[in-house]
Amino acid sequence: MIPSAPRRAALSVIAGLIAAPVAAQDVAGPADPQPAPRATKAVPTARGGLDVVGRDKDDRPRRFRVALGVQGGPGFPGNDAFRLGPLISVAKARGDDPFPYGGVGDGPSLTLLRSGRFEAGPMLRLEGIRRADDLGGGLPRVARSFEPGVFAQFWPSDAIRLRGDVRKGVSGHEGWVSTLAADYVARDGDAWLVSIGPRVMLSDARYQRAWFGVTPDTAARTGLAVFSPGSGVHSAGLTSRVIYQFTPRWGVLVNGSYARLVGDAGDSPVTRVRGSRDQLAAGLGLSYTFRVGGGR
């Protein structure tokens, strides 16, 4: 048998890394009556849940929410087409604790450091592929970008979340990119949740050259003007999420986002002539909540 502590840690990592950029909140049925683990206490968190602290393990049953659906968006920065793809989300909680909040575009994240209303840890985001025949053809192909990084977030109140991350592309664009976010979150436990908040994205010159640059060779193939972007803010926008539970088991989530390419990204001939400065995305999913351990 695998010891319980490593098994819980492994489940946490797997659940976090399976989750798509869209996360949702669910509601589960009433927990089976159980005494609280000895030498522990439940501490309310700004995320709407409880942290169990103490030296003893938390034996309350686990709840999982799995959401499946469809989401659509540009597919890569500057694209003027709408690409469809799967929406997959996995979230977990203990006992009757509400599922922790995850914002649109957060990416899979794992909290390793928590102190009061502050959290930090590793995270991962993916950026889509730009094929050679996209945007009229002639532009360099950009492979799928895996962007591991770190995040930090703080809740100044129960309804306000501030978050920032820094990521490095290890494939595809191979640049540095960062997202700054703020969210207003209103919720009734897991029964319903509404969030809305701004997003600002910054990147280095390598990232911007991959997506928005035009080399002399590319200019000769496409007729676009030579363009060499620098670093800085490349987009600003707004995201929103609505979650509603029909039953303790079944729920629905709807999310949307809008971003406007700005700075060199907005001025690039790739964006102005071939693509679009306006980047819209939306997703719709159906969620199912179930319990592991402690009965049904």
Side-chain angles (χ1 to χ4, degrees), residues 4-6 8-17 19 21-28 31 34-65 89-125 148-167 178-200 202 239-241 243:
S4 61
R8 291 199 309 273
L11 281 172
S12 297
V13 172
I14 292 170
L17 293 180
V22 178
Q25 277 60 46
D26 298 321
V27 71
Q34 292 189 21
R38 187 175 57 182
T40 67
K41 62 179 180 178
V43 179
T45 72
R47 298 163 295 129
L50 297 174
D51 285 336
V52 175
V53 298
R55 290 177 295 178
D56 294 347
K57 64 182 180 180
D58 183 0
D59 288 327
R60 293 178 301 163
R62 300 180 183 90
R63 289 188 298 119
F64 289 90
R65 182 219 50 237
S89 174
V90 178
K92 69 181 183 70
R94 285 278 190 175
D96 286 335
D97 296 356
F99 287 103
Y101 170 73
V104 176
D106 282 358
S109 306
L110 179 63
T111 298
L112 295 183
L113 174 64
R114 179 180 293 121
S115 177
R117 294 175 177 266
F118 176 82
E119 299 175 57
M123 50 91 66
L124 174 70
R125 281 190 61 176
V150 294
F151 80 94
Q153 65 182 32
F154 177 69
W155 293 78
S157 72
D158 289 354
I160 302 294
R161 185 192 74 154
L162 306 176
R163 178 182 170 107
D165 66 47
V166 178
R167 314 181 305 276
S178 174
T179 300
L180 303 179
D183 292 288
Y184 172 76
V185 183
R187 68 186 302 175
D188 178 10
D190 289 330
W192 59 265
L193 180 147
V194 177
S195 71
I196 187 168
R199 298 291 187 271
V200 175
L202 308 90
T239 70
S240 181
R241 167 165 297 141
I243 299 165

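No hydrogens, no waters, no symmetry mates; every other heavy atom, side chains included, goes into these values. Here the structure is a predicted model, which is why all the values come from computation and not from measurement.
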(message) So does Ser240 get a backbone contact from the side chain of Ser195, meaning a donor-acceptor N/O pair under 3.5 Å?
(response) no
(message) Salt bridge check, Arg60 against Asp97: does any charged N sit closer than 4.0 Å to a carboxylate O?
(response) yes
Value rounded to 0.5 Å, distance of [atom1] in [X] from [atom2] in [Y]:
X      : Y      : atom1 : atom2 : answer
Asp188 : Ile243 : CG    : CD1   : 12.5 Å
Tyr101 : Asp158 : OH    : CG    : 14.5 Å
Thr239 : Ile196 : OG1   : CD1   : 7.5 Å
Arg241 : Leu193 : CZ    : CG    : 8.0 Å
Arg199 : Leu180 : CZ    : CG    : 10.0 Å
Arg63  : Asp96  : CZ    : CG    : 6.5 Å

Nearest heavy atoms of [X] and [Y], plus distance in Å:
X      : Y      : answer
Phe99  : Asp190 : N-OD1, 3.1 Å
Pro98  : Arg187 : CB-NH2, 3.6 Å
Arg167 : Thr179 : NH1-OG1, 3.1 Å
Phe151 : Ser109 : CE2-CB, 3.8 Å
Ala182 : Leu162 : CB-CD2, 3.8 Å
Pro156 : Arg117 : C-NH1, 4.4 Å

(request) Step by step, work out the salt bridge (Lys or Arg N to Asp or Glu O under 4.0 Å) result for Arg94 and Asp59. (result) CA-CA 9 Å; Arg94 285 278 190 175; Asp59 288 327; over 6 Å; no
(message) Quick one, Tyr184 with Val194, criterion side chain to side chain contact (heavy atoms under 4.5 Å, CB included). Give me CA distance, side-chain angles, the key distance, then yes/no.
(response) CA-CA 8 Å; Tyr184 172 76; Val194 177; over 6 Å; no
